[in-house]
Structures are given as C-alpha cells and as structure tokens.
Amino acid sequence: MEAARDDGEAAARGSGALTAGLSDARLVARCREGDDDAWRELVERFSRYVYAIAIQAFRLPEYDAEDVFQEVFARVYERLNTLRADDAIRPWIAQLTRRVCIDRLRSGGREQPAEEELQEIADEDVLTQLEEAFDVHEALAELPEHCQEILDRFFARDESYRAIGDALELPAGTIASRISRCLVKLKDVYEGRNEPGAPSSEQVT
C-alpha cells in the first residue's frame with residue numbers, strides 16, 4: 001500500500017509538472033476539457049496576480065482579498081466557456097478581479113462612492129506595474145535555467161559578482177557578461193510575449 005501511495009504521489013507530481021509547462025492558452029484548453037491538474041495549475045499560476053490587484057491596487061485588507069480570491073476563481077470556473085480567446089485569460093482574470101474588488105468596496109455598509117469614483121479607485125500605476133512584473137516573471141520562466149539563476153541572484157537577491165561567482169563556480173570577471181547576455185535573452189522573450197494581439201471582447205459582469 002505504501003508503494004502504491006508513493007506511485008500515486010509521483011504521478012500527481014508528474015502531472016503537475018506537465019501542466020506547469022503549458023502556455024496560458026493550452027492550459028485554458030485543458031481546463032475546458034475538464035482536466036483537474038490544469039485547473040489547479042490555473043489557480044496557482046494566477047493566484048498571486050489576483051491577490052496583488054486586490055491588496056496593492058485596491059488596498060483591500062487581507063480578509064477581503066481572500067474573499068476576492070475565492071469569488072474570482074469561482075467565476076472563472078463558472079464562466080470559462082464565455083472566454084472567446086484562450087490566450088486572453090490573464091486580462092480576463094484581471095477584469096474579473098477589478099469588478100469583484102469594486103463590488104467588495106460597495107459592500108459591508110461602507111460609504112458608497114459614486115460610479116465614476118469607483119472606476120478610478122484602483123491605482124492605475126500599480127496595475128500597470130503588476131502587469132509588467134507578471135510579464136517579466138513569465139518571460140524569465142522561459143529562459144534557460146542558468147539564466148534564471150544568475151538573474152535571480154543579481155536582481156532579486158542583490159548578490160555581488162563575487163558572491164555569484166562563488167556560488168556558481170564561475171570567475172567573477174565573467175558574471176557581468178553572463179548577466180548581459182541573459183538580459184538580452186529576457187528582452188527578446190519579453191518583447192515576443194507582448195506583441196500586439198487580438199483584444200478580448202468578453203464583457204465582465
């Protein structure tokens with residue numbers, strides 16, 4: 001029985017790894033087919049994005065952000081078939097999150113802002129920054145592992161060239177050129193992901 005459980009856990013991890021490598025559009029297609037692993041990956045992939053919009057752009061407290069999270073993914077589950085373009089899942093989820101955040105601000109006996117004030121209540125600069133950060137994160141995930149590590153160490157962990165060289169067993173003098181080459185790759189992937197595409201015409205309610 002123990003071996004059977006281990007095999008089952010390994011299979012689950014393997015399925016998760018397969019869905020984690022899917023594009024947004026392919027992931028949505030798998031969700032439409034009823035793939036439970038794809039649904040779990042969809043929630044995992046966009047959960048931090050939803051929380052960030054609620055907390056950073058709309059300044060909701062954590063308990064409200066948790067309710068927003070639950071409501072957004074319930075709507076995603078119920079209304080995924082209304083999404084006309086599978087690769088538009090992220091802007092669609094962003095629209096859903098904004099709508100649910102506005103609904104949350106209207107509830108709970110709070111002072112009711114006018115409709116035009118509600119439309120402006122989110123910090124648009126923060127929303128733009130979140131979009132850009134999410135784009136960069138996705139682009140970084142497409143780079144070779146050595147580029148992911150060296151860029152993470154330099155930019156996220158703020159490690160020195162010497163510390164990076166020691167950790168990766170590379171001469172400190174080569175770190176700058178490695179970072180430069182990896183940044184070029186990141187730029188190419190980032191720009192490729194953000195070429196103009198067909199806008200989504202879904203109406204969020």
Side-chain angles (χ1 to χ4, degrees), residues 10-31 35 37-57 69 73 76 83 85-95 97-98 122-200:
R13 288 194 298 270
S15 298
L18 289 173
T19 54
L22 295 175
S23 67
D24 288 352
R26 184 60 190 137
L27 186 64
V28 170
R30 292 275 289 270
C31 288
D35 187 324
D37 290 322
W39 277 111
R40 283 190 288 270
E41 173 60 26
L42 185 75
V43 174
E44 175 66 23
R45 186 172 296 186
F46 294 105
S47 59
R48 284 181 294 179
Y49 185 51
V50 170
Y51 273 117
I53 292 174
I55 292 173
Q56 297 181 35
F69 170 85
F73 285 104
V76 169
L83 182 65
D86 288 354
D87 59 357
I89 183 67
R90 178 151 61 96
W92 186 61
I93 286 178
Q95 287 180 306
T97 305
R98 293 182 69 162
D123 190 324
E124 294 296 332
D125 288 340
V126 172
L127 287 170
T128 299
Q129 291 168 11
L130 291 174
E131 281 288 318
E132 292 174 349
F134 203 90
D135 285 338
V136 171
H137 178 77
E138 289 187 332
L140 185 63
E142 295 184 24
L143 296 184
E145 187 174 346
H146 70 275
C147 276
Q148 293 185 40
E149 182 167 13
I150 199 168
L151 293 179
D152 177 69
R153 287 181 177 277
F154 185 69
F155 290 103
R157 306 185 206 178
D158 198 27
E159 293 183 358
S160 67
Y161 287 171
R162 183 174 298 279
I164 294 172
D166 291 343
L168 303 182
E169 298 182 348
L170 294 171
T174 69
I175 300 302
S177 60
R178 293 274 182 113
I179 291 173
S180 178
R181 287 197 296 271
C182 288
L183 282 174
V184 170
K185 292 180 181 179
L186 180 63
K187 179 175 180 289
D188 290 343
V189 173
Y190 177 83
E191 291 179 348
R193 294 182 63 89
N194 288 278
E195 291 177 353
S200 173

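Numbering of residues begins at 1 and proceeds along the displayed sequence. Just the heavy atoms: all of them, side chains too, but no hydrogens, waters or symmetry mates, feed the values below. Here the structure is a predicted model, which is why all the values come from computation and not from measurement.
Counting only heavy atoms from C-beta outward, the side chains of Leu168 and Arg178 never approach each other to under 4.5 Å. Using a 4.5 Å cut-off on side-chain heavy atoms (C-beta onward), Ile89 and Leu42 make contact. For the pair Ile150 and Phe154, the minimum side-chain heavy-atom distance is 4.5 Å or more. Side-chain contact between Val76 and Trp92 is present, with at least one heavy-atom pair separated by less than 4.5 Å. Taking the side chain as every heavy atom from C-beta outward, Ile179 and Leu151 approach each other to under 4.5 Å. The shortest distance between side-chain heavy atoms of Asp24 and Asp86 does not fall below 4.5 Å. Looking at Phe73 and Val50, their side chains come closer than 4.5 Å, going by heavy atoms from C-beta outward.
Between the Thr97 side chain and the Ile93 main chain, a donor and an acceptor come within less than 3.5 Å of each other.
Shortest non-hydrogen contact noted between Cys31 and Trp39 is O-NE1, 3.3 Å.
To the nearest 0.5 angstrom, Arg45 atom CZ is 4.5 Å from Leu27 atom CG. Taking SG of Cys182 as the reference point, atom NZ of Lys185 lies at 5.5 Å (rounded to 0.5 Å). Atom CG of Asp152 is separated from atom CD of Glu145 by 11.5 Å, given to the nearest 0.5 angstrom. Between Ser177 atom OG and Leu170 atom CG the span is 9.5 Å, to the nearest 0.5 Å.
Under the rule for a side chain to side chain donor-acceptor pair (under 3.5 Å), Gln148 has no partner lying at least two apart in sequence or in another chain. Judged as a side chain to side chain donor-acceptor pair (under 3.5 Å), and not counting sequence neighbours, Tyr161 has no contacts.
Of the listed residues (Val189, Asp188, Leu186), just one forms a side-chain contact (heavy atoms from CB on, under 4.5 Å) with Glu142, and that residue is Val189.
In this structure, Arg162 places its CZ atom where only 12 or fewer heavy-atom neighbours from other residues, nucleotides or ligands lie under 6.0 Å away.
Salt-bridge check for Arg40 with Glu44: failed, with every basic side-chain N at 4.0 Å or more from each acidic carboxylate O.
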